[in-house]
Amino acid sequence: MKYIVESALAIQDTGRIEQEISLAATDLDVVVFTVLYQDGEIRFANHLVWRGSHAQYVIDGYEPSVHSKTTQADTPTVLFNPARLSIQAYYPIDNITTLTKDLGNIIYLEYDVSPLLSEVKEASFQSAIRSWAVSLLGLVLFLFFLHLYLIRPLRLMALQANKVNDVNGSLPKWQASPVTVAFSELEAIRNHFINFSDKLKRSEKQLEDSQQRWLFAIEVSRNGIWDWNFATDEVFLSDRWKEMLGYSEDELANELSTWEALLHPQDKKDALFSLNQYLNNEVDEFENVHRLRHKLGHYIWVLDRGMIVEWDEKGKATRMIGTHTDVTSDVINKQVILHQAKHDLLTDLPNRSSLLDALYSLKESKQEVSAGLFLIDLDNFKMINDALGHHYGDRLLIQVAARLSSFFATNSLIVRLAADEFVVLAKNLPQDKNSAKRRIHALASQVRQIIGRSFHINNQTFSVSASVGACFIDSQIEIEPELLLKQADVAMHQVKERGRDGYLLYSAEMEEVAQHSLFIQSELRGAIAEKQLSLVYQPIVDCRGLVVCVEALLRWNHPQMGNIPPSTFIPLAEGSGLIEELGEWVLLEACAFINTLQETGVLLDAVAINVSARQFNQGEFAEDLLKVLHRLGIKPNAIELELTEYALLTNLDVVKQAMDKLRQAGISIAIDDFGTGYSSLSYLQSLPLSRLKLDASFVSKIDVNESSNAIVKAIIDMAHGLNLNVVAEGVETQTQYEFLLQHGCDSFQGYLFSRPLKQADIVNYIESVAVNGHAMA
């Protein structure tokens, strides 16, 4: 091929080279056949796609360095590549032209020799089989003659030797007959068998010693056995004893120090104490559970039992035998059961039982200690469960537990007390009472901040708040742990009644408040049936002074206590679940009022009804509301729902779905008390709202300072930028009204225009305003 390539290049007959390469490539063992330029560029190849490519990048096994050396030496280079099982050849082509590019051309060939090697291997394998067959035949013949002339005579002699120990003292005739042997040396072996009986007698004492070990082992199968000789201080350790710890039979020394060295440091003192008590006859038996170090480094629990089995002539104990039983699984199961009894299964936090144990320990401690007990209740957790499902609720509880655990130091106890209640027992507070209480205030504030941060669960973000009740624990004052919990609970419920998302430190006065709240809550259950509840209506006027809407407000006139303000009984209703029943009653009464307005010809944009966060976040609230309106013949656009920002603290997507359904039906939605909530303002651009009701706390500070004015103006401008109307609540002075009017406030509500009125009075008020053209009180 070298000659053909050279001659073809000389006459520039590249077609011939291609034909020859194609012909050579018909040999399937030719892996690569190429003609390369000096720089490694492929000029001709058995694979057309390689042409023009650099051999280093497309041909495995090609070495540019070998190419260069071959060209310089002008001598063919043939190599064997063991990794590829191929022969690689570099043949330089004589310079047959004067062209610079033709200088240093080379033929590179790679030939696959794996088929040849396979043939050699197969031939070698067949030859080996033949050799093994001949060897096996020879071995069989050898074994046959070995059995005939050596093994068989030895076996017969062994059977005869058994006569020495045979109970009957005789053997069958065919076994007792003389043995014919081909070697005289076998006769001597028979004599050695006869002498074996003497050796057995000398071993009787050893067998008797061993008998006690193995009889004891039978009683406790699969146990490790130890045998302690007091005189020599040697300890026999059975194979099973060592196997339990991962050692082989020759890896541990038979000494008492071996056992002592393997004892867990925390168990060593107790184990040795129990052993000495038994040896000193202070207890009737030796039994101890302790840990021994395994060869792999971990520890296993063992039940160690032992008893003295030999005494000398003076009655002194000389020998003790015992067993080791692996009880690791039993101890772990017991620990798991104990852990489960003292811990919450969902969060793995300590439970109420662990908390009471810790409080009793504080009470019984002789040292002067001060501590703080915090009872944390997640606000409206039931609403989250109902709206998002229990899985989300469980995930939230786990994250709350993780946040509390990561924040508080090791000298604190974090407890899950109930479904959505957590307890933090903060120990080692300052001894000074005032300093300790300041520390409690600071910790409570930090707890609210920790829980108040947004939670992210399954790509959804929502926020919750917490009501925290705390009590101060002074070891000098004898108070039962259950009473401490009750004090924290009383403080927490006071926070709930004040609107949630707060903190209070227990005081004695709270007990009276708690009793009063319990009475109010009990009386509220019968308030509807006793017809003690009523609705009053406060007008909302526009910038022209005309009444465009009225807000329905709930009132409770108790026969003994008189008028009870909503700020007192509404939080109690939300906490006890009565809010849903109250909400349904308010809706029915408001619908009846709307029918009255229609019958008298009074026209309003809508009647505003307050809806609690718990009521709105019920899964079927929107559907149930629309069914009631349809049943009573009320047009949806006659209703406006007022929600606080607190209602938006759960999943925003679920809230938006309910609002979209209501807005499509024609019901308008307003955010009440805007500016006092804790939710993100991002909801303003994603929820279908109609109005923002500016909270009275901002309106009351108008003209107090420039900052107050700026906040009010900013809220109005922001609402208008989002195409939302603004209603100012609590307008009581002409100055406030003029400021709001000047800065574009859309509607106004407050005593400057009218107090909340009864049904008949509000109708007269609306009619008089329509006639007089203004609504100033």
Side-chain angles (χ1 to χ4, degrees), residues 1-136 296 456 458-459:
M1 281 300 299
K2 176 183 177 184
Y3 171 77
I4 292 172
V5 171
E6 289 175 349
S7 59
L9 288 175
I11 63 175
Q12 294 299 311
D13 185 6
T14 59
R16 183 181 178 189
I17 296 176
E18 292 176 350
Q19 292 175 359
E20 292 298 332
I21 289 178
S22 299
L23 182 62
T26 57
D27 186 348
L28 298 179
D29 294 333
V30 176
V31 180
V32 178
F33 199 108
T34 59
V35 177
L36 309 177
Y37 287 115
Q38 185 175 8
D39 59 357
E41 181 181 351
I42 300 175
R43 191 171 184 180
F44 303 97
N46 57 329
H47 298 289
L48 296 180
V49 294
W50 288 355
R51 290 190 182 183
S53 302
H54 198 284
Q56 184 178 359
Y57 301 118
V58 299
I59 302 176
D60 294 337
Y62 168 78
E63 293 292 336
S65 59
V66 179
H67 181 164
S68 178
K69 291 179 181 179
T70 302
T71 303
Q72 294 174 3
D74 197 24
T75 303
T77 300
V78 180
L79 303 174
F80 175 70
N81 190 329
R84 297 174 59 83
L85 296 179
S86 65
I87 295 175
Q88 297 169 331
Y90 300 78
Y91 283 83
I93 300 174
D94 294 337
N95 300 331
I96 44 77
T97 68
T98 59
L99 298 176
T100 303
K101 194 168 184 65
D102 287 334
L103 299 180
N105 282 213
I106 195 169
I107 296 176
Y108 171 75
L109 171 70
E110 183 176 1
Y111 191 85
D112 185 7
V113 296
S114 57
L116 296 177
L117 294 176
S118 298
E119 292 178 4
V120 172
K121 183 178 180 181
E122 180 65 22
S124 301
F125 178 74
Q126 293 179 358
S127 176
I129 291 177
R130 289 193 294 271
S131 299
W132 276 104
V134 173
S135 300
L136 182 60
L296 298 179
H456 306 278
N458 288 359
N459 298 321

Novice: Work out which heavy atom in Ala45 is nearest to a heavy atom in Thr34; give both atom names and the distance.
Specialist: CB-CG2, 3.6 Å
Novice: Describe, in one word, how the ring planes of Tyr62 and His54 are oriented to each other, choosing from parallel (under 30°), tilted (30 to 60°) and perpendicular (over 60°).
Specialist: perpendicular
Novice: Evaluate the side-chain proximity of Thr77 to Lys69: yes if any heavy-atom separation is below 4.5 Å, no if none is.
Specialist: no
Novice: Check whether Tyr90 reaches the backbone of Glu63 with its side chain - one donor and one acceptor, N or O, closer than 3.5 Å.
Specialist: yes
Novice: Under a 3.5 Å distance rule, please check whether Asn46 uses its side chain to pair with a backbone N or O of Phe33 as donor and acceptor.
Specialist: yes
Novice: Any donor-acceptor pair under 3.5 Å linking the side chain of Ser124 with the backbone of Val120?
Specialist: yes
Novice: Atom CZ of residue position Phe80 - does it have more than 12 heavy atoms of other residues, nucleotides or ligands inside 6.0 Å?
Specialist: yes
Novice: Gly61 and Asn81: which non-hydrogen atoms are nearest, and at how many Å?
Specialist: CA-ND2, 4.5 Å
Novice: Is a side-chain donor or acceptor of Thr70 paired with a backbone partner of Val66 at a separation under 3.5 angstrom?
Specialist: yes
Novice: Atom CG of Leu36 and atom OH of Tyr108: how far apart are they, to the nearest 0.5 Å?
Specialist: 9.0 Å
Novice: So, do Tyr37 and Asn105 sit near enough that their side-chain heavy atoms are less than 4.5 Å apart?
Specialist: yes
Novice: Say you draw a straight line from CD of Glu41 to OG of Ser53; how long is it, rounded to the nearest 0.5 Å?
Specialist: 8.5 Å
Novice: How long is the gap from CD on Gln88 to CG on Asp60, to the nearest 0.5 Å?
Specialist: 10.0 Å
Novice: Side chains of Arg84 and Glu110, heavy atoms from C-beta outward: is any pair under 4.5 Å?
Specialist: yes
Novice: What distance separates Tyr91 OH from Leu109 CG, expressed to the nearest 0.5 Å?
Specialist: 7.5 Å
Novice: Rounded at 0.5 Å granularity, tell me how far CD in Gln38 sits from CZ in Arg43.
Specialist: 12.5 Å
Novice: Taking OH in Tyr111 as the centre, count heavy atoms belonging to other residues, nucleotides or ligands within less than 6.0 Å. Is the count above 12?
Specialist: yes
Novice: To the closest 0.5 Å, what do you measure between CD1 (Ile129) and CG (Leu136)?
Specialist: 12.5 Å
